[in-house]
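Below is one structure; the comments refer to it alone.
All values derive from a computational prediction rather than experimental measurement.
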Amino acid sequence: MSAVLNFKSHLSELFAQALREVAPEIANDGAAQTEILIERPKLAAHGDYACNLAMQLARPLRKPPREIAQALIAALPVSDAIEKMEIAGAGFINVFIATAAKQRVVSGVLQAGAGYGHIHLGAGRKVQVEFVSANPTGPLHVGHGRGAAVGDCLCNVLHAAGWNVTREFYYNDAGAQIDNLMRSVQLRCLGITPDDPSWPEAGYRGDYIADVARAYLAKETVEADDQHVQGSGDVADAEAIRHFAVAYLRREQDIDLRAFGVNFDVFSLESALYSDGKVEEAVDKLIASGHTYEQDDALWLRTTDFGDDKDRVMRKSDGGYTYFVPDVAYHLDKWRRGFTRVINEQGADHHSTITRVRAGLQALDAGIPQGWPDYVLHQMVTVLRNGEEVKISKRAGSYVTLRDLIDEVGCDATRYFLAARHPDSQLVFDIDLAKSQSNDNPVYYIQYAHARIHAVLTQWGGDRSTLLHADVGALNNEYETVLLQKLIDFPQVIENAATELSPHLIAFYLKDLAADFHSYYNASRFLVEDEAVKCARLALIAAIAQVMRNGLALLGVSAPEQM
RNA sequence: GUGCCCGUAGCUCAAUCGGAUAGAGCACCAGCCUUCUAAGCUGGGGGUUACAGGUUCGAUUCCUGUCGGGCACGCCA
């Protein structure tokens with residue numbers, strides 16, 4: 001099925017054959033980059049697909065590109081998928097696909113169902129995506145929400161592209177920040193509040209700290225995905241408070257993440273890296289590698305050997321390790337678990353860790369490739385309410401939580417808005433816009449298209465499985481050919497989103513698909529007298545609905561049948 | 001000061017990893033419901049892609065510099 005519908009690779013093969021005939025010396029030159037590029041032109045007048053091969057050959061062949069194009073077309077093997085070809089512009093070869101060939105996509109989609117669009121790019125290889133990875137010192141905020149949305153959509157896209165995806169969440173359950181957390185909870189247990197003069201500067205001031213303290217004193221039991229702890233109520237027991245507070249806040253995060261439709265396969269704790277001896281092992285290996293040295297009572301890693309702008313302290317003069325040491329140990333562990341591909345989705349405010357982690361991994365000399373692991377960094381999110389920016393202060397506890405957004409805006413709109421932009425761009429989250437149940441809101445625009453199709457099919461009342469075998473020969477007007485091509489494009493969109501690690505492409509595709517459908521809807525009637533036309537159109541819109549469901553599923557957004 | 005990311009219509013954002021005449025939505029103006037959902041559709045105005053150079057058949061995309069915004073520059077994470 002896919003071989004018939006993948007016109008891009010089909011044409012690529014045809015042109016490769018033509019190339020072998022027209023310019024065998026170039027086709028057989030393995031060193032030359034003779035990859036045949038087939039692209040979709042922006043203008044319909046330029047055909048369905050275009051090839052720029054003739055222009056690329058102009059220089060090596062020392063011939064005018066249009067002349068080469070002529071020869072390529074003459075040498076191109078016959079294909080019933082091709083309606084006609086034209087030479088245009090500087091030497092583009094524009095290919096027009098036969099409508100009959102495009103029409104096959106309808107049964108292709110209906111046949112494949114939820115699997116339509118899935119490709120074998122990943123070939124079943126393992127990939128681990130680490131995202132969110134918030135420390136359990138407070139509720140998740142909008143920034144974490146963006147990480148959750150982008151990371152989860154990326155996982156969905158990679159899965160659809162044929163990768164075997166593991167979702168992982170890593171957090172720090174030891175160290176200075178957790179000490180602050182423990183101390184803050186302890187003080188709250190003693191009835192001391194943040195406005196008290198004795199409240200530590202680094203303490204956490206949010207109201208949720210009081211909630212943790214109350215639950216601890218009440219000896220509540222908390223269960224998170226990876227935690228199960230009962231509060232002892234003993235205010236003097238720092239270790240018990242620490243465990244309880246971590247479990248409590250992890251549970252709160254899990255509740256939010258699940259409400260957001262995000263589920264992790266693996267949770268990794270920093271403390272486990274210490275208790276399992278993995279940190280010590282990594283340190284020993286680094287020392288053995290010869291890339292470390294002692295200075296000022298501290299142990300340093302010469303990260304400048306690997307492109308860093310200055311060396312970094314590994315072991316502080318107080319004997320503790322800096323945070324990036326367990327990070328290196330953690331990534332060595334990922335590598336040993338067989339993840340030859342790892343993608344870390346993080347906020348851009350942590351970008352400086354990339355050089356350090358990669359440098360540490362190179363210093364280990366463990367056979368890890370230089371650019372490993374991959375990173376997707378999302379830029380900061382600013383929140384707008386009533387046209388004014390909502391300031392974020394974690395210390396003071398005043399910030400927009402992910403839970404606020406889900407409650408106020410809804411899961412679908414929140415996910416869409418946070419995932420529908422290029423991660424490299426700063427994002428303005430306008431709460432009023434996301435909340436509005438109006439035409440301003442692209443989420444509803446897409447969902448509405450899906451619901452409309454469902455309404456038509458319900459009104460028709462026939463057996464939908466028969467549409468799979470419908471004769472779609474009647475689908476040939478302007479609207480229909482555009483939509484057929486749009487459906488054909490879907491697997492390519494998944495491929496682009498997967499290779500560029502850009503899940504926002506899915507959102508834009510769906511908006512375009514919905515727009516094309518709405519135009520079609522307004523210009524046509526589906527439940528017409530002519531049985532053949534009716535069935536053909538119903539089959540088409542059923543296929544459109546299927547692709548919408550598939551695409552929305554990648555975004556983690558629901559596809560309601562009624563609105 | 002150094003490093004990373006960004007700069008595209010009045011606003012929010014795209015542009016298939018160098019392609020042809022840079023596209024949507026919102027806002028603004030003018031139209032379309034006796035018909036399958038008007039949360040919709042049709043048409044219109046709106047641009048020196050921050051700026052200046054360079055690379056080539058061709059640049060929003062790649063390189064250099066300038067300006068502007070964000071983030072990071074700790075023996076915190």
Using the test ring pair (Phe, Tyr, Trp, His ring centres under 6.0 Å), find all partners of A:Tyr448 that sit at least two apart in sequence or belong to another chain.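 Applying ring pair (Phe, Tyr, Trp, His ring centres under 6.0 Å) to A:Tyr448 gives A:His518.
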
Is [X] salt-bridged to [Y], cutoff N-O under 4.0 Å?
X        : Y        : answer
A:Asp432 : A:Arg385 : no
A:Arg312 : A:Asp308 : yes
A:Arg242 : A:Asp179 : yes
A:Glu280 : A:Lys278 : no
A:Glu561 : A:Arg452 : no
A:Lys334 : A:Glu168 : no

Return all side-chain donor-acceptor pairs below 3.5 angstrom for residues 419-426 of chain A, not counting sequence neighbours, or 'none' if the list is empty.
residue: A:Arg421; atom: NH1; partner: A:Phe417; partner atom: O; Å: 3.4
residue: A:His422; atom: NE2; partner: A:Asp424; partner atom: OD2; Å: 3.4

Considering every strand and a 4.0 Å limit on heavy-atom distances, what is the contact class for [X]: base, sugar-phosphate, or nothing?
X        : value
A:Asp179 : nothing
A:Arg525 : base
A:Ser524 : base
A:Ala449 : nothing
A:Ala88  : base
A:Gln346 : nothing
A:Glu495 : nothing
A:Phe508 : sugar-phosphate
A:Leu505 : sugar-phosphate

Aromatic-base stack, A:Phe92 on B:A20, cutoff 5.5 Å, angle under 30: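 Base of B:A20: stacked against A:Phe92.
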
Is the ring centre of A:His422 under 5.5 Å from the base ring centre of B:A14, and are the two planes under 30° apart, so that they stack?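 No, A:His422 does not stack on the base of B:A14, since the centre distance and plane angle fail the 5.5 Å and 30° test.
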
Does A:Gln295 have more than 12 heavy atoms from other residues, nucleotides or ligands lying within 6.0 Å of its CD?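 Yes - once you tally the heavy atoms of other residues, nucleotides and ligands closer than 6.0 Å, there are more than 12.
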
If the [atom1] atom of [N] is compared with that of [M], how far apart are they to the nearest Å?
N     : M     : atom1 : value
B:C57 : B:A39 : C1'   : 48 Å
B:C13 : B:G70 : P     : 15 Å
B:C6  : B:U60 : C1'   : 13 Å
B:U8  : B:A50 : C1'   : 10 Å
B:A52 : B:G40 : P     : 40 Å
B:G3  : B:C11 : C1'   : 32 Å
B:C62 : B:G25 : C1'   : 30 Å
B:C41 : B:C36 : C1'   : 15 Å

Whole Å only: how far is the [atom1] atom of [X] from the [atom2] atom of [N]?
X        : N     : atom1 : atom2 : result
A:Ile431 : B:U12 : CD1   : C1'   : 16 Å
A:Asn496 : B:A14 : CG    : C1'   : 14 Å
A:Leu483 : B:C41 : CG    : P     : 13 Å
A:Trp460 : B:U37 : CH2   : P     : 15 Å
A:Leu427 : B:C13 : CG    : P     : 6 Å
A:His504 : B:G23 : NE2   : P     : 18 Å
A:Tyr448 : B:G40 : OH    : C1'   : 5 Å

With ring centroids as reference points, do A:Phe306 and A:His291 lie under 6.0 angstrom apart?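 Ring-ring flag for A:Phe306/A:His291: true, centres closer than 6.0 Å.
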
Angle between ring planes, A:Phe526 versus A:Tyr521, binned at 30° and 60°: parallel, tilted or perpendicular? tilted

Whether each nucleotide of nucleotides 67-77 of chain B has a protein heavy atom under 4.0 Å at its base (B), only at its sugar-phosphate (S) or at neither (-) is summarised, 5' to 3', as --BSBSSSBBB

Tell me whether A:Arg250 forms a cation-pi arrangement with A:Phe169, defined as NZ or CZ under 6.0 Å from the six-membered ring centre and within 45 degrees of its axis.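 Output yes; distance and angle both within limits.
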
Does the Lys NZ or Arg CZ of A:Arg358 fall within the cation-pi geometry relative to A:Trp372 - under 6.0 Å from the ring centre and within 45° of the axis?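 Not satisfied by the 6.0 Å and 45° rule.
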
How about A:Leu538 and A:Leu457: do any of their side-chain heavy atoms sit closer than 4.5 Å?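 Yes, their side chains come closer than 4.5 Å.
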
Short N/O separations, protein against nucleotides 57-60 of chain B, under 3.5 angstrom:
residue: B:C57; atom: OP1; partner: A:Arg59; partner atom: NH2; Å: 2.4
residue: B:C57; atom: OP2; partner: A:Arg59; partner atom: NH2; Å: 3.1

Presence of A:Tyr444 side-chain N/O under 4.0 Å of B:A39 phosphate oxygens OP1/OP2: no

Using a heavy-atom distance cut-off of less than 4.0 Å, which residues of residues 512-521 of chain A contact RNA chain B?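 Here the set is A:His518, A:Ser519, A:Tyr521.
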
Hey, which of these two, A:Arg40 or A:Val428, hits RNA chain B nearer its 5' end, going by closest nucleotide? A:Val428

Tell me, which stems hold RNA chain B, with a stem being 3 or more Watson-Crick or G-U pairs in a row and both distances under 3.5 Å?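 The stems that RNA chain B takes part in, listed by first number, are B:1-7 with B:67-73, B:10-13 with B:23-26, B:28-32 with B:40-44, B:50-54 with B:62-66.
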
Identify whether the glycosidic angle of B:C29 places it syn (within 90° of 0) or anti.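 For B:C29, whose glycosidic angle is more than 90° from 0, the conformation is anti.
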
Taking A:Tyr170's backbone N and O only, do any of them form a donor-acceptor pair with A:Ser268's side chain (distance below 3.5 Å, no angle check)? no

Worked verdict on A:Cys411 versus A:Thr414 for side chain to side chain contact (heavy atoms under 4.5 Å, CB included): CA-CA 5 Å; A:Cys411 179; A:Thr414 304; 5.9 Å; no

